[in-house]
Amino acid sequence: MKITKDLYQSSLALLTDFYQLTMAYAYWKSGKSEQEAVFNLFFRKNPFQGGYTIAAGLDYIIDYCRNFSFDKADLDYLAEMKNADGSSTFEKGFIDYLQNLKFSCDIDAVEEGTVVFPNIPIIRVKGPLIQCQLLETPLLNIVNFQTLIATKASRITEAAKGDPVLEFGLRRAQGIDGALAASRASYIGGCSATSNVMAGKLFGIPVSGTHAHSWIMSFDTELQAFHAYAEAFPDKCIFLVDTYDTVNGIKNAIEVGKVLREKGKEMLGIRIDSGDLAYYSSIAREMLDEAGFPDAKVVASNDLDEQIITSLKIQEAQINTWGVGTKLVTAYDQPALGAVYKLAAVKHEDGRWEPKVKVSQQSIKINIPGLHDVVRFSKNGKALADMIFLIDLDLNKRSYTIIDPNDPTRRKKIDTNSLEKENLLKPIFENGSKIYNRPDIHQIKENTKRNLQLFDKAHKRLVNPHIYPVGLEESLYKMRTDLVLKMKDYDTQ
Ligand SMILES: Nc1ncnc2c1ncn2[C@@H]1O[C@H](COP(=O)(O)OP(=O)(O)OP(=O)(O)O)[C@@H](O)[C@H]1O
Ligand SMILES: O=P(O)(O)OC[C@H]1O[C@H](OP(=O)(O)OP(=O)(O)O)[C@H](O)[C@@H]1O
Ligand SMILES: O=C(O)c1cccnc1
Ligand SMILES: [Mg+2]
């Protein structure tokens with residue numbers, strides 16, 4: 001079993017729901033497999049009751065699509081599948097079809113690190129129906145998790161107000177692949193480093209850490225343990241001070257810090273992992289300052305999340321660096337994003353695109369039909385609104401009206417005079433060939449930072465954020481409403 005990022009670079013065509021394969025077979029049987037279609041991947045609600053979301057996962061998707069093929073073992077497995085009556089599930093002609101299948105879709109997507117909102121297409125896939133369909137499950141699997149964790153990391157780092165946040169989650173993450181993806185997404189979202197060494201090696205994320213209580217406990221005294229650590233790592237000493245008695249632990253750290261200084265080395269700091277973190281961090285700060293260690297940092301950990309960090313900031317806790325594990329990598333308070341992937345249009349033989357809609361009792365569940373794009377309007381470096389529009393719309397008009405897809409009374413008129421506009425969907429694949437230059441992980445992280453600066457703090461606050469306007473351009477809104485009404489009539493006939 002390969003457990004590295006290479007996993008995404010081998011054949012993973014079977015990493016899909018069985019129904020994608022049964023639909024693929026039925027598309028093939030009914031002669032529809034090559035019909036062109038467009039699917040959009042989007043989510044309906046920002047996670048964590050927040051006001052924004054950070055897109056992540058595209059790099060994995062690029063690998064997935066580039067390596068999209070059924071290898072011999074995959075095909076043998078499918079050929080062996082039987083129906084209840086003993087007949088083959090998939091006939092030989094279909095297995096041969098899959099053997100020759102080459103990824104040939106166009107994919108447009110928002111770049112990783114982009115701030116996104118409900119209803120915006122994060123990924124748009126255009127191509128043969130059968131291929132678009134087979135991509136549904138893996139695309140959702142990848143984007144849902146990494147986007148969720150990048151968003152959680154962003155919230156946690158926003159709460160830390162510029163202090164470094166170290167991701168310590170590996171031991172509590174959802175399995176091996178979940179841990180690796182979480183470390184990657186946490187870095188994209190704003191964390192400074194990870195304790196996960198394999199993530200460091202695979203993705204180029206900085207690796208860092210301190211030491212555990214077991215190190216202290218393995219010696220007769222805490223002081224002996226600190227001295228021994230200082231011998232081994234004179235340049236990397238962050239002493240964990242709370243194994244027995246926190247105040248005494250700080251005293252011991254200072255004592256060893258002085259010995260280090262005599263050798264021309266500086267203790268980096270201390271870590272506190274239990275008790276009242278506001279109280280003990282303030283005591284630590286005072287003791288360190290008084291002893292002549294004003295540059296020594298106070299690291300805190302212990303079941304932290306954005307709410308506790310916010311509270312500790314309000315209490316004026318003297319914490320410089322935050323170690324966050326469990327609640328970050330498991331997205332503890334909301335374990336899934338809920339992004340979906342929906343058919344938006346199919347192309348007919350005469351070249352005409354037909355928009356498609358799924359009617360639902362819940363208006364939030366009605367998708368946005370047709371071939372559309374999304375543009376972000378901004379002014380003087382501040383984002384004002386996002387507009388989802390049909391791709392043949394004239395983008396040089398003086399003004400537009402955007403309408404909330406779930407509430408037609410929420411509208412906004414956009415006078416485009418002196419506004420900057422950016423198309424959020426960037427071309428990634430054209431006819432199956434990658435045309436996108438992938439940024440490295442540090443550039444993606446920078447993109448997150450740049451994107452967040454575009455948004456007013458009212459949209460970024462953790463509780464009851466101000467809703468950022470995202471709407472359908474009027475003519476798209478009308479087309480969608482008409483189509484829903486038409487499909488409802490059709491149903492009741
Ligand atoms: N001043 C504080 N304000 C708000 N939350 C805090 C504060 N200090 C610590 N916490 C949080 O309270 C929770 C529990 O802390 P508690 O004092 O119970 O430590 P603990 O878990 O008992 O320590 P130990 O590891 O020794 O069991 C943790 O999530 C911690 O981050
Ligand atoms: O608290 P998290 O955000 O998950 O961060 C990681 C935690 O992992 C370690 O202890 P561990 O939880 O293994 O043991 P402990 O709680 O008994 O200290 C570390 O000391 C942190 O407290
Ligand atoms: O390096 C650390 O301090 C660390 C690493 C993993 C989990 N908790 C703490
Ligand atoms: Mg713990």
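All values derive from a computational prediction rather than experimental measurement. The first residue in the sequence is number 1, and the count goes up from there. Each ligand, and each atom within it, is numbered from 1 in the order the structure gives.
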So, are [X] and [Y] salt-bridged, with charged N and O less than 4.0 Å apart?
X	Y	answer
K313	D163	yes
E306	K327	no
K263	E231	yes
K251	D245	no
E420	K379	no

Quick check on contacts: which atoms of ligand 1 are under 4.0 angstrom from a heavy atom of [X]?
X	result
G275	8 (N), 9 (C), 17 (O), 19 (O), 23 (O)
A278	1 (N)
L304	31 (O)
L312	1 (N), 2 (C), 3 (N), 7 (C)
D303	29 (O)
S274	23 (O), 24 (P), 25 (O), 26 (O)
Q315	1 (N), 2 (C), 3 (N), 4 (C)

Geometric class of the F70/F68 ring pair [parallel <30°, tilted 30-60°, perpendicular >60°]: perpendicular
Ligand 1 N/O within reach of D276 N/O, cut-off under 3.5 Å: yes
Point-to-point distance, once rounded to the nearest 0.5 Å, from CG of L170 to OG1 of T194: 7.5 Å
Distance (rounded to the nearest 0.5 Å) between D373 CG and I120 CD1: 11.5 Å
Location of contacts on R171 toward ligand 2, heavy atoms closer than 4.0 Å: side chain
Test of proximity, R271 against ligand 2: N or O pairs below 3.5 Å: yes
Any N or O of T326 closer than 3.5 Å to N or O of ligand 2: yes
Ring-ring centroid check Y52 F455, cutoff 6.0 Å: no
Looking only at protein heavy atoms, which one is nearest to [atom], and what is the separation?
atom	value
atom 1 (O) of ligand 2	D303 N, 2.8 Å
atom 3 (O) of ligand 2	G325 N, 2.8 Å
atom 22 (O) of ligand 2	D273 OD1, 2.6 Å
atom 7 (C) of ligand 2	R172 NH1, 4.4 Å
atom 3 (O) of ligand 3	T210 OG1, 2.5 Å
atom 16 (O) of ligand 2	N302 OD1, 4.6 Å
atom 8 (N) of ligand 3	F168 CD1, 3.6 Å
atom 15 (O) of ligand 1	N302 ND2, 3.9 Å
atom 10 (N) of ligand 1	I308 CG2, 4.3 Å

With a 4.0 Å cut-off, strictly under, does [atom] pick up any protein heavy atom?
atom	result
atom 22 (O) of ligand 1	no
atom 18 (O) of ligand 1	no
atom 13 (O) of ligand 2	yes
atom 30 (C) of ligand 1	yes
atom 8 (N) of ligand 1	yes

Stacked cation flag R376 on F117, 6.0 angstrom / 45 deg: no
Single hit among K412, R411, R410 for salt bridge (charged side-chain N to carboxylate O under 4.0 Å, His left out) with D404: R410
Atoms of ligand 3, numbered as shown, that sit under 4.0 Å from any heavy atom of R171: 6 (C), 7 (C)
Sub-4.0 Å atoms of ligand 3 with respect to non-hydrogen atoms of G209: 1 (O)
Candidates T22, N141, T137 - the one meeting side-chain hydrogen bond (donor to acceptor under 3.5 Å, both in side chains) with D17: T137
Distance-only donor-acceptor check, side chains S301 and R271, under 3.5 Å: yes
pair V197-K201: side-chain heavy atoms closer than 4.5 Å: no
Distance-minimising heavy-atom pair for A317 and A278: CB-CA, 3.8 Å
Within reach of ligand 1, part of L277 (heavy-atom separation under 4.0 Å): both
Y187 side-chain N/O to S192 backbone N/O, donor-acceptor pair under 3.5 Å: no
